[in-house]
*Asks:* 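The structure follows.
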Amino acid sequence: MYQYDEYDQKMVETRVAEFRDQVERRLSGDLTEDQFTPLRLMNGLYLQLHAYMLRVAVPYGTLSAAQMRMLAQIARKYDKGYGHFTTRQNIQYNWIQLKDAPDILADLATVEMHAIQTSGNCIRNISSDQFAGVAKDEVCDPRPYAELLRQWSSFHPEFSYLPRKFKFAVIASAEDRAAMRLHDIGIEMVRNDADELGAKFFAGGGMGRTPMIGPCVREFVPADALISYSEAILRVYNRYGRRDNKYKARIKILVHELGIEEFRRQVEAEFAHMHPLDLDPPRAELTRIQAFFAPPAYEPLPDGFDDSDPDFKLWADANLHPHKVPGYAAATISLKPVGGIPGDASAEQMDLIADLAARYSMDEVRVTHAQNLVLPNVRQADLYALWQELDAAGLAPANLDLASDIIACPGLDYCSLANARSIPIAQKLAQRLAPVERDLGELKIKISGCINACGHHHAGHIGILGVDRKGVENYQLLLGGSGAEDVSLAKITGPGFDENGIVDAVETVTNLYRKRREDGERFVDTYRRLGMDPFKEALYG
Amino acid sequence: MADWPRYRDDAAVNEPAVTLEAFLAQPEAVAVRIEPGADVRELVPHLARLKLVEIGFPTYRDGRGYSAARILREEGYQGELRAEGDVLLDQLAYMRRCGFDSFAPAATIDAGKAVAAIGRWPYHYQKAADGLKAGAAPPIWALRHG
């Protein structure tokens, strides 16, 4: 994986020093809270309901064992002993004190990590496919391109006071495991007819209160123009994105209001102006970065392993992903135990996962947008031993992409924006559906505690949106969304439900699916075939 | 303005900066003020007579002025480029990189602190207006590859 050189290290250390100075000026009163807010946000620090929350960047979701150990240490030293992995492959700590934040950033810098631009109206952490580099179906490893974008977007002088936040996702396979088209810019690395690598650019996707699927801006941008094309899109957005209303300020509104043809025309005009300015790093820089992502020394091994232990087989059937190298597998560590908090990991669990990564996965861990972790490079022969250690630590739920593998935002338990709690709904739903989840098959349930949609409810096969109805938490049910390559936006079924009613309602629609499904259909396939009406009928009679 | 950092050798322009509309209508005008939302590319045919472009920041949160400044430099504007208004210490370094070479903050900033803030970053990852000039500090990728 990528390793900092003296320049990268110096930039992160400079940022720590700058932020330490800014915190001191805030604490002494030199900076007003209004002046300080965007500065702390650009260092990942939010003011939440009970304390500050610090969001640490995990660039394209890749971590080393040493980095994971540091995340555990921070959880112990500065938080209450746990952290929360997010839908953008980052980790959040919910109980941080402002005075500690510079020290935490300094600790992170010792393992080549940071919280730069994990919040604020700037270019956020670049997300990617959790199986990047090991997936059988990728045309290339997308992470070098994500790293190129990470460096370009860090401390960007023109694009740090954008109308609103800006999120990139970069993938390199037809199967979309990163909700790419629900990002402000989605990039799919592709090969053209001449077998050259390039980037298919999508723009204007997003969730929030106005969900949109990003349309394609250009089918093929040569890899050597990745940065200048991104600059062109960002400049059009910075100049013309709406600033009169924060709820209409994302690029998706600009793309929608202009229409994709006019938006594309403006981007292409800006690109024609910017591309000749030599803004793109030379090919040698990409090559330098790619060297860090060269495949590790895989052994020649046969495919196949003993799965005679039925409990292990359940886990192996659910949580393994095919690896491009025979004899290896990518193993998902589910952070979704029934009754737990989706995405949470204790310091002890993080330490163990770091240890397992070192012993079984060539020192690598990945974070997924579904709030799970992945050991990407496990010898199949080691899977049983790995599973035993995970199981002993409560880290072996065999539920990847099943009903209890729920995405949920922190909700009203932590978040100052939330209208309703998300975590208890996730817990109750998991308890209700876990006994039948294998029969239900792939079912992606996603819960947000407010319309900002951090829990991706628009992209859930089943989505749940918490709202405030006259002071009482109320939950709307949505069906038919997807954040994958079959991307679609979920639709609301009708009137909402109370906390227990929503759990019953989800069971009602899954029961209807079990009655009406045809061979091989997932829940979302049956919904798409039948349409909303029979589900409404079952829910509201 | 005397002790305020100005990154130019020539004398400060004291002509009043007129609105974009007035500037375009007055062939003798040499100083113009750009509000957020105005298209600075309208100035491109008139760069030769321009001595001062003052870009207004009614609030520091409005980042349109950064693009306006960088576009002017990309188009070859060599005159004074002044950031005026809600210009704060922590935004100076980025403004400088986008091509601003003078500053008129609404609230006083200590000149020594301003110089330190502008000089804080030893490197940068990307080209901006500073990458247009020969002899300017190259971005990190250029340092890596000579």
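Within every chain, numbering begins at 1; the chains are lettered A, B, ... in the order of the sequence lines, protein sequences first and strands thereafter.
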*Asks:* Is it true that a side-chain atom of A:N238 and a backbone atom of B:G63 form a donor plus acceptor pair closer than 3.5 Å?
*Replies:*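 Indeed, once roles are kept as given, a pair shorter than 3.5 Å links the two residues.
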
*Asks:* For B:D86, is it the side chain, the backbone, both, or neither that has a heavy atom closer than 4.5 Å to a heavy atom of chain A?
*Replies:*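 The answer is neither part of B:D86.
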
*Asks:* Can you name the closest pair of heavy atoms from B:H145 and A:P282 and give their distance?
*Replies:*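 For B:H145 and A:P282, the tightest heavy-atom pair comes out as CD2-CG, 4.4 Å.
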
*Asks:* May I ask you to name which of B:M95, B:E75, B:Q91, B:H124 has the most heavy-atom pairs under 4.5 Å with chain A?
*Replies:*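 Of the options given, most contacts go to B:Q91.
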
*Asks:* Check B:R61 with A:D34, please: is the shortest side-chain N to carboxylate O separation under 4.0 Å?
*Replies:*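 Counted as a salt bridge, because a side-chain N and a carboxylate O are separated by less than 4.0 Å.
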
*Asks:* Using heavy-atom distances under 4.5 Å, tell me whether A:L279 contacts chain B through its side chain, its backbone, both, or neither.
*Replies:*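 Both backbone and side chain.
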
*Asks:* Side chain from CB out, backbone as N, CA, C, O: work out which of these in B:L132 comes under 4.5 Å of a heavy atom of chain A, or both, or neither.
*Replies:*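 It is the side chain, since no backbone atom gets that close.
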
*Asks:* Ion pair present between A:D8 and B:R144, side-chain N to carboxylate O less than 4.0 angstrom?
*Replies:*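 Here A:D8 pairs with B:R144 in a salt bridge, since their nearest N and O are under 4.0 Å apart.
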
*Asks:* Given the options A:Q35, A:Q22, A:H273, A:M274, which has more heavy-atom pairs under 4.5 Å with chain B than any of the others?
*Replies:*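 Option with the greatest count: A:H273.
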
*Asks:* Less than 6.0 Å separating the ring centroids of A:W152 and B:Y125?
*Replies:*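 No.
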
*Asks:* Checking A:L31 against chain B: side chain, backbone, both or neither under 4.5 Å from a heavy atom?
*Replies:*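 When you check distances to chain B, only side chain atoms of A:L31 fall under 4.5 Å.
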
*Asks:* Take atom NE2 in A:H256; do more than 12 heavy atoms of anything else shown fall under 6.0 Å from it?
*Replies:*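 No.
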
*Asks:* Is it the backbone or the side chain of A:T37 that comes under 4.5 Å from a heavy atom of chain B, or both, or neither?
*Replies:*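 Answer is side chain: those atoms of A:T37 sit under 4.5 Å from chain B.
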
*Asks:* Report the distance from atom OH of A:Y237 to atom OG of B:S67, rounding to the nearest 0.5 Å.
*Replies:*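 Spacing of OH (A:Y237) from OG (B:S67) equals 11.5 Å.
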
*Asks:* Mind checking the OH-CZ spacing from B:Y94 to A:F159? Nearest 0.5 Å is all I need.
*Replies:*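 Between B:Y94 OH and A:F159 CZ, I get 13.0 Å after rounding to 0.5 Å.
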
*Asks:* Quick check: are there more than 12 heavy atoms from other residues, nucleotides or ligands sitting under 6.0 Å from OH of A:Y247?
*Replies:*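 No - once you tally the heavy atoms of other residues, nucleotides and ligands closer than 6.0 Å, there are 12 at most.
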
*Asks:* Measure from the side-chain N and O atoms of B:Q126 to the backbone N and O of A:S154, and report whether any donor-acceptor pair falls under 3.5 Å.
*Replies:*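 Yes; judged by distance alone, with no hydrogens or angles, the pair exists.
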
*Asks:* Output yes when B:R70 and A:E231 qualify as a salt bridge under the 4.0 Å nitrogen-oxygen rule, no when they do not.
*Replies:*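 So B:R70 pairs with A:E231 through a salt bridge.
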
*Asks:* Among B:L88, B:D130, B:L143, B:D90, which residue forms the greatest number of heavy-atom pairs with chain A at distances under 4.5 Å?
*Replies:*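 Option with the greatest count: B:D90.
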
*Asks:* Set out, in order, the CA-CA distance, both residues' side-chain angles and the distance that settles side chain to side chain contact (heavy atoms under 4.5 Å, CB included) for A:R239 and B:V40, then state yes or no.
*Replies:* CA-CA 11 Å; A:R239 298 185 76 204; B:V40 287; 4.3 Å; yes

*Asks:* Are A:E18 and B:W121 close enough that some pair of their side-chain heavy atoms sits under 4.5 Å apart?
*Replies:*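 Result yes, sub-4.5 Å side-chain heavy-atom pair found.
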
*Asks:* Determine, stepwise, if the pair B:R41 / A:E270 fulfils salt bridge (Lys or Arg N to Asp or Glu O under 4.0 Å).
*Replies:* CA-CA 12 Å; B:R41 288 202 165 105; A:E270 197 62 69; 2.7 Å; yes

*Asks:* More than 12 heavy atoms of other residues, nucleotides or ligands under 6.0 Å from CD of B:E21: is that the case?
*Replies:*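 Not buried by this count: 12 neighbours or fewer within 6.0 Å.
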
*Asks:* For the atom pair CD (A:Q151) and CD1 (B:I140), what is the distance rounded to the nearest 0.5 Å?
*Replies:*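 Answer rounded to 0.5 Å: 7.0 Å.
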
*Asks:* Pick one of side chain, backbone, both or neither for B:I71, based on which atoms fall under 4.5 Å of a heavy atom in chain A.
*Replies:*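 Contact with chain A: backbone and side chain both.
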
*Asks:* Shortest non-hydrogen contact from B:Y66 to A:P157?
*Replies:*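 It is CD2-O, 3.2 Å.
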
*Asks:* If you define the side chain from C-beta out and look only at heavy atoms, does anything of B:R120 sit under 4.5 Å from A:D21?
*Replies:*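 Answer yes - side chains close enough.
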
*Asks:* Looking at every heavy atom in both B:K127 and A:D278, which two are closest together, and how far apart are they?
*Replies:*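 Shortest heavy-atom separation between B:K127 and A:D278 comes out as NZ-O, 3.0 Å.
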
*Asks:* Pick whichever of A:N121, A:L162, A:D5 has the most heavy-atom pairs under 4.5 Å with chain B.
*Replies:*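 Maximum pair count with chain B is reached by A:D5.
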
*Asks:* Can you tell whether the side chains of A:R235 and B:E74 come within less than 4.0 Å, N to carboxylate O?
*Replies:*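 Salt bridge present between A:R235 and B:E74.
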
*Asks:* Evaluate the ring planes of A:Y7 and B:Y123, with Trp represented by its six-membered ring, and classify them as parallel (under 30°), tilted (30 to 60°) or perpendicular (over 60°).
*Replies:*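 The rings of A:Y7 and B:Y123 stand perpendicular, inter-plane angle above 60°.
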
*Asks:* Which is it for A:D30 and B:K113 under the side chain to side chain contact (heavy atoms under 4.5 Å, CB included) test, yes or no, and what are the steps along the way?
*Replies:* CA-CA 12 Å; A:D30 279 359; B:K113 284 183 183 171; 3.9 Å; yes

*Asks:* Is there side-chain contact between B:W141 and A:R288, with heavy atoms separated by less than 4.5 Å?
*Replies:*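 Side chain of B:W141 against side chain of A:R288, heavy atoms only: no contact under 4.5 Å found.
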
*Asks:* Within the distance-only criterion (no hydrogens, no angle test), does the side chain of A:K10 pair as donor or acceptor with the backbone N or O of B:P122 below 3.5 angstrom?
*Replies:*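 Looks like no, no N/O pair under 3.5 Å.
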
*Asks:* Just wondering, are more than 12 heavy atoms of other shown residues or ligands nearer than 6.0 Å to CZ in B:R8?
*Replies:*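 Result for CZ/B:R8: enclosed.
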
